[in-house]
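These numbers come from a predicted model, not from an experiment.
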Amino acid sequence: MQKLTTGTLMRFAKNSICGEQPILQVLNIKLMDSKSVNGSSMTASQYKKTQRYRLILSDGKHFLPSCVLTVQLNELVVNGQLQEYSIIRLDRYLRSDLKGQTAKMILQILQVTVLDIATHKIGNPVSLLTANLNEIETLTTSITKNVLQPKVTGSVFKQPIVPIINDLPIVPPPLSTTTTTDVDSIKNNRLFKIEALNPFQNKWTIRVRVASKTPMRTYANGEGKLFSCDIIDETSEIRANGFGDDCDRFEPLLIIGNIYYITQAQIKYANKQFNTLNNDFEMTFNNETIIEPCLNNIQPNIPMQRLHFISIDQIQNIETNSFIDVIGIIISIKDMIHGKSKQNKDYTKRDILILDRTGQITVTLWYRIAENFQTSTVRSVIMLKGASVNDFNGGRTLSVLACTQVHIDPDLPIAHELRKWYLEEGMNIDMTDLTLHSHKHENISWKTFGQVAEYESSMASIGNSEIFRIKAVCTFVRHDPVYKACSRFDCKKKLQDNNDGTYYCLKCDLNYEDFKLLYMTSILLSDSTGYQWVSFFEKESEILFGCPPEQFPCGKSKDDEEKAYQKLTSICGQEKMFLIRVKLNHYNNHDRLQFTCVGIEPIDARLMCHLYLEDIGKMSCILSD
DNA sequence: CCCCCCCC
């Protein structure tokens with residue numbers, strides 16, 4: 001059994017244990033009331049994220065009833081790792097006193113290692129909040145020597161262990177680089193870093209850059225107006241909000257890219273559902289807030305943006321509904337779509353396709369951003385900070401939310417480099433669209449039609465869709481690959497010709513005068529082991545036929561029919577690597593497997609060699625057995 | 001105090 005670090009809480013009360021990683025016992029865990037939980041329609045997982053646990057920790061001599069677990073560690077309580085009588089090591093923590101009173105000190109647990117569990121309370125600890133102050137005084141002098149020598153050891157958690165500087169920073173205001181005005185506003189406060197802000201502090205000034213700012217907007221829910229901005233310094237980032245009068249005071253003052261001193265604002269827990277920034281907290285300006293431009297606007301230590309780009313091929317590994325930064329080239333911009341959501345809410349959206357060296361992905365823009373998006377930005381660099389990762393048919397798409405920053409052709413080295421690459425090479429590369437198939441190429445099994453026939457029965461029993469890759473030749477194409485489709489967004493239903501210049505859509509139950517032409521065809525693919533009819537839709541058909549459906553000859557004239565015949569026969573004999581999805585469909589009271597092409601790749605000789613060698617390897621194993 | 005984040 002671990003020994004508790006007796007006396008550590010007393011030192012903590014005097015702000016003198018920074019750097020220690022004390023061993024403590026959990027005496028009690030309790031769920032705190034959370035205001036944000038009330039009266040809302042959160043899902044269970046959202047609810048779980050806003051729950052906050054209060055712990056009573058003991059060092060055997062004293063206990064502190066006001067210890068708060070950071071939400072990222074809630075899982076430890078939920079899965080039972082952290083419970084009553086657990087012995088823990090505090091790896092990272094913060095002291096934060098309510099209204100500056102020692103009697104209301106709070107210990108924020110940021111990182112913890114569960115070492116053991118006892119069967120009972122160790123010792124007979126008394127509350128630290130009512131402990132003898134003199135005892136505290138005498139202890140202080142002997143211990144403070146160690147204050148700036150943090151002990152750093154390993155931990156079971158992912159975050160690097162950072163020595164914790166307690167909430168009252170020792171750093172003085174940088175007098176040499178500031179003017180009198182700057183000093184005035186912070187003379188009664190210490191200069192803090194964003195990293196050190198938390199809801200329990202009330203005397204602070206930060207020096208920050210405005211990285212982004214939303215326009216002022218009104219909201220109906222409660223009647224009011226607000227704006228918000230993302231502000232950053234050397235250490236972190238935080239969202240700042242201004243409501244009502246504070247909008248008028250601060251919104252015009254804050255200019256994106258400029259540096260300001262901000263003194264006093266309400267710090268509260270951020271709702272991670274809507275806040276993309278890497279910070280547990282956000283701030284709201286209030287009556288006591290003072291914002292002054294930093295007259296020395298050149299602060300090379302404060303970055304222009306805090307960015308952590310994820311390459312597009314890595315997005316498939318990112319948890320959905322998380323927020324990422326991404327940079328790519330806009331390679332196509334789709335038309336705006338007006339639609340109705342399942343909740344019968346009107347929306348406008350626009351999809352764009354972006355590309356980097358590793359792949360491409362669809363990005364969906366909504367409402368004003370979709371409406372105002374300039375189609376002339378095609379082939380420009382787009383940088384997204386805080387794009388939401390979504391799942392579609394097992395693949396990934398990105399969504400630009402109200403809180404996502406969108407920058408076209410940002411002046412960043414990575415942007416210039418990307419653009420140069422695109423113009424010199426990228427334009428000519430046939431990339432993988434992650435929207436269409438999320439699976440990593442290496443993970444898609446390579447099959448022959450002979451093998452497909454063998455495992456058809458097992459696939460049917462699983463009842464799932466599965467994707468495989470096959471090297472095959474187009475041997476026969478069904479005639480008339482183009483059809484007249486309902487032009488209403490997302491419908492695509494084949495129209496019935498009323499023969500009076502109008503067309504009937506069964507799905508919409510409406511007659512239309514216009515239509516759009518779309519590809520839909522069936523192609524017989526063959527390899528040396530077998531064959532299979534496979535459905536080809538818009539994108540894959542267009543790749544094979546080499547023209548958009550509007551240009552496919554489909555007139556009744558002899559000339560058109562001849563051209564169509566030439567088109568159809570031209571693709572026969574073409575050998576490609578096809579990505580095919582097999583799906584079990586229930587049709588006319590019986591199950592059948594439906595094969596759909598979801599991707600076409602040129603034959604890659606190097607890849608083929610790898611595949612053959614792998615198969616040969618497997619065969620040798622069987623033989624030697 | 002917002003917080004809409006929707007669609008195939």
Exercise for review: Report yes or no: is the ring centroid of A:W366 under 5.5 Å from the six-membered base ring centroid of B:dC6, with the two planes under 30 degrees?
Suggested key: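 Stacking between A:W366 and B:dC6: present.
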
Study note, to complete from the structure: Sorted by chain and number, sequence neighbours left out, side chain to side chain donor-acceptor pair (under 3.5 Å) with A:N498 holds for A:T502, A:N511

Review point. From B:dC3, B:dC4, B:dC6, pick the nucleotide closest to the side chain of A:Y367?
Key: B:dC6

Check your understanding: Of all the choices, B:dC6, B:dC2, B:dC3, which nucleotide is nearest to the side chain of A:N271 once you look at every atom?
Key -> B:dC3

Review point. What about A:R368, does its side chain sit under 3.5 Å from the base of B:dC4 through a donor-acceptor pair?
Key: no

Exercise for review: Answer with base, sugar-phosphate or nothing: what part of the nucleic acid does A:R350 contact at a heavy-atom distance below 4.0 Å?
Suggested key: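 Contact class for A:R350: none.
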
Check your understanding: So does A:R217 get a side-chain nitrogen or oxygen closer than 4.0 Å to the phosphate oxygens (OP1/OP2) of B:dC3?
Key -> yes

For atom [atom1] of [X] and atom [atom2] of [N], their distance in whole Å:
X      : N     : atom1 : atom2 : value
A:R396 : B:dC8 : CZ    : C1'   : 16 Å
A:L401 : B:dC4 : CG    : P     : 12 Å
A:L226 : B:dC3 : CG    : P     : 7 Å

Point to revise | Near-ring test A:Y347/A:W366, centroid separation under 6.0 angstrom | key: yes

Review point. Which residues satisfy the salt bridge (Lys or Arg N to Asp or Glu O under 4.0 Å) test with A:E251, sequence neighbours excluded?
Key: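 Residues passing salt bridge (Lys or Arg N to Asp or Glu O under 4.0 Å) with A:E251: A:K213.
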
